[in-house]
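Okay, so here's the structure we're looking at.
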Amino acid sequence: MKYHDLNIQTQREAPNNARTEGFAFLVRAGYLTRENLPTQLGEDTLDHLRNLSNDPSFLSQLSLQIIGNDNEVFLPIAAGSLEVAHCPSCKYTDRLELAQFAKRGTPEAPLPIEKVLTPDCHTIEALANFLGVPKEQTAKALMYTRLSDSQFIFVVVRGDMQLSEAKLKQHVGEVRPATTEEIERSGAAVGYASPIGLKETLIVVDDLIPQSQNLVAGANETGYHLRNTNYGRDYSAEIIADLVQAATGDACINCGNLLSSLSAISLVTRNEYQFENILLALAETHHDPKGLTLPHPAALFDVYLMHLPGKEMDTRAKADEVYHSLQSAGISVLFDDREERAGVKFNDADLIGCPLRITAGEKALKEGMVELKPRKEKENRLISLASLTRLADPTELWDLIKGV
Ligand SMILES: [Zn+2]
């Protein structure tokens, strides 16, 4: 492929909307527009990644520091839009809203239920302060209506925990917050609700609730709560499940070590590759201050070939010879055939980030040589033109480089 045919437009400056260095380099190197749309170079690179993905070891060939589980693979990056829970010890990983963690109940002997006046206690915080009990001694009520059949759903989690709506939806389907009218119709009182004595209600409790005794819950009467409510004795539920959100510092469900939460992007979602995110992950991982440093085989082109216009010799013709030989050996080449200054071409080669750069310049060509530079290395090497033009397949190129 020739530079002109791809219509590559590189840029000197990073776009001012760049949230990450990887995105900035993808725009500067001409893979993406500032609006995050793939250019021709970007589309071709995405197609190349799609082809590679037929190999089961695809992701492991990309040299990315990935984390994940059976269904999903993530790359942690600071600007990632997802929050992921990750255990650094056993590598347990899941989306934060779906992550499980080890919970600790508060087993006690059940005490008799007791109705108490709790004026203006509309939040768990206010209630716990007013009664002088820790938040883990309270039950938090959340009320929803199921979209499919308008079923009223009463959810109970411990007062020190946050409900994960994503987990709830896995058990009951899509829901919306219940209206005041729907809450009152069930027999519950807004702000003072508990599942005790409700009508036509689907009760769903977090699995920590049956392990936590003597919780403060609403009395279903404005201004009052009940002390010492106990699951099993005072109410029961149709569904008992893990419903609460994990957070940094919770104990890993597998090994008990502390979970951390990381920002990330998803590279595989429900067993499907997210190729745009994989391209971003490559750029995020493989770059230096000058541009992308894409590894083989992730790069669309293995070789960036360029010629330096000569005074006596037709360097372009020699570069053409190399171009055709490499192509017939099945090596993917981006041929920068522009009559540009050397500096411009070197900059573009660094930005675009092909694993190898081959330069046909007059001085070396007079000795029958061309310059070869792996993108991640500092020094040029000289290699004979003849050794390049007699390559028979791509592996011979990589063997040749190791031997130089
Ligand atoms: Zn763990």
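Whatever order the structure lists ligands and atoms in, that order sets their numbers, starting from 1.
A donor-acceptor pair is defined here as one N or O able to donate and one able to accept, closer than 3.5 Å; no such pair exists between the side chain of Arg34 and the backbone of Pro15.
Between Arg146 and Asp149 there is a salt bridge, since a side-chain N of the basic residue sits under 4.0 Å from a carboxylate O of the acidic one. Under 4.0 Å is where a charged nitrogen must lie from a carboxylate oxygen, and between Lys103 and Asp207 at least one such pair does.
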- Query: Going through the checks in order, is the salt bridge (charged side-chain N to carboxylate O under 4.0 Å, His left out) test met by Arg381 and Glu377?
  - Reply: CA-CA 10 Å; Arg381 313 160 185 192; Glu377 292 177 20; 2.7 Å; yes
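Both the sub-6.0 Å distance and the 45° axial angle are satisfied by Lys115 relative to the ring of Tyr224.
Within the protein, the number of N/O/S atoms found under 2.8 Å from the Zn ion (ligand 1) is 4.
Within the model, atoms CD1 of Ile67 and CZ of Phe74 stand 7.0 Å from one another, a figure rounded to the nearest 0.5 Å.
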